[in-house]
K.L.:
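Could you have a look at this structure, given as structure tokens, before my questions?
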Amino acid sequence: MANPGNLRQASDVTERVELMLRNGETEKALDTLGLNYGPQARQMMEKVVKYSNLSTDELARVFGKISDILENVADKMEKYERLSELKAKK
């Protein structure tokens, strides 16, 4: 099961990929995906870059949104955990 720490780490990775794409460092972004999520993630992203009609800027925005979503989920999980702990103490 995912935990807030893992989600935040994934958010950091996707944020770095977003910045690399914005800076035109597509190969570096692909390498980062491969290092963090495995060679299949890199290969899939290569296909997206090669065959989709999305611009690099649009791909960067997608990764930015993913990062935001992961952060929001991690925040909600932490809040839920704190509330559960408070209820357990009562």
K.L.:
Does the side chain of Leu59 reach to within under 4.5 Å of the side chain of Met45, using non-hydrogen atoms?
P.N.:
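With C-beta onward as the side chain, the pair touches.
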K.L.:
Excluding sequence neighbours, so at least two apart, what forms salt bridge (charged side-chain N to carboxylate O under 4.0 Å, His left out) with Glu78?
P.N.:
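Salt bridge (charged side-chain N to carboxylate O under 4.0 Å, His left out) check on Glu78 returns Arg8.
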K.L.:
So, taking the atom named CD1 in Ile69 and the one named CD in Glu71, what distance separates them when rounded to the nearest 0.5 Å?
P.N.:
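The CD1 atom of Ile69 sits 11.5 Å away from the CD atom of Glu71.
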K.L.:
Going by the salt bridge (Lys or Arg N to Asp or Glu O under 4.0 Å) test, which pairs reach into residues 28-39, not counting sequence neighbours?
P.N.:
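Matches after skipping sequence neighbours: Asp31-Arg42.
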K.L.:
What about Leu70 and Leu19, same hydrophobic cluster or not, with Ile/Leu/Val/Met/Phe/Trp/Tyr joined at side-chain heavy-atom distances under 4.5 Å?
P.N.:
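Unlinked, Leu70 and Leu19 end up in two clusters.
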K.L.:
Please name the pair of heavy atoms, one in Arg22 and one in Ala60, separated by the smallest distance, quoted to 0.1 Å.
P.N.:
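It is CG-CB, 3.6 Å.
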K.L.:
Is Phe63 reachable from Val73 through a run of I, L, V, M, F, W or Y residues, each pair having side-chain heavy atoms under 4.5 Å apart?
P.N.:
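As far as the 4.5 Å side-chain criterion goes, Phe63 and Val73 are not connected within one cluster.
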K.L.:
Which heavy atom of Gly64 sits nearest to which heavy atom of Glu18, and what is that distance?
P.N.:
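Minimum heavy-atom separation between Gly64 and Glu18: CA-OE1, 3.4 Å.
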K.L.:
Tell me whether Leu33 is reachable from Val48 by hopping between hydrophobic residues (I, L, V, M, F, W, Y) whose side-chain heavy atoms are closer than 4.5 Å.
P.N.:
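In one cluster: yes.
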K.L.:
Between Thr26 (side chain) and Leu21 (backbone), is there a donor-acceptor pair under 3.5 Å?
P.N.:
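Judged by distance alone, no pair lies under 3.5 Å.
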K.L.:
Donor-acceptor pair, Ser84 side chain versus Tyr80 backbone, under 3.5 Å?
P.N.:
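Yes, because the side chain of Ser84 sits within donor-acceptor range (under 3.5 Å) of the backbone of Tyr80.
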K.L.:
Could you check whether any side-chain heavy atom of Met44 comes within less than 4.5 Å of a side-chain heavy atom of Tyr37, counting everything from C-beta outward?
P.N.:
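When only atoms from C-beta onward are counted, Tyr37 and Met44 do not touch, as no gap falls below 4.5 Å.
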K.L.:
Please report the closest heavy-atom contact between Glu58 and Asn53, naming both atoms and the distance.
P.N.:
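The pair with the smallest heavy-atom distance is OE1-O, 4.0 Å.
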K.L.:
Give, for atom OG of Ser11 and atom CG of Asn6, the distance between the pair rounded to the nearest 0.5 Å.
P.N.:
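Output value for this atom pair is 12.5 Å.
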K.L.:
Are there more than 12 heavy atoms of other residues, nucleotides or ligands under 6.0 Å from atom CD of Glu81?
P.N.:
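Enclosed: over 12 neighbouring heavy atoms sit under 6.0 Å from CD of Glu81.
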K.L.:
Indicate yes or no for a side-chain donor-acceptor contact from Asn23 to the backbone of Glu25 under 3.5 Å, with no hydrogens or angles considered.
P.N.:
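No.
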K.L.:
Going hydrophobic residue to hydrophobic residue with side-chain gaps under 4.5 angstrom, can you get from Ile66 over to Leu30?
P.N.:
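No, it is not one cluster - the side chains of Ile66 and Leu30 are not joined through contacts under 4.5 Å.
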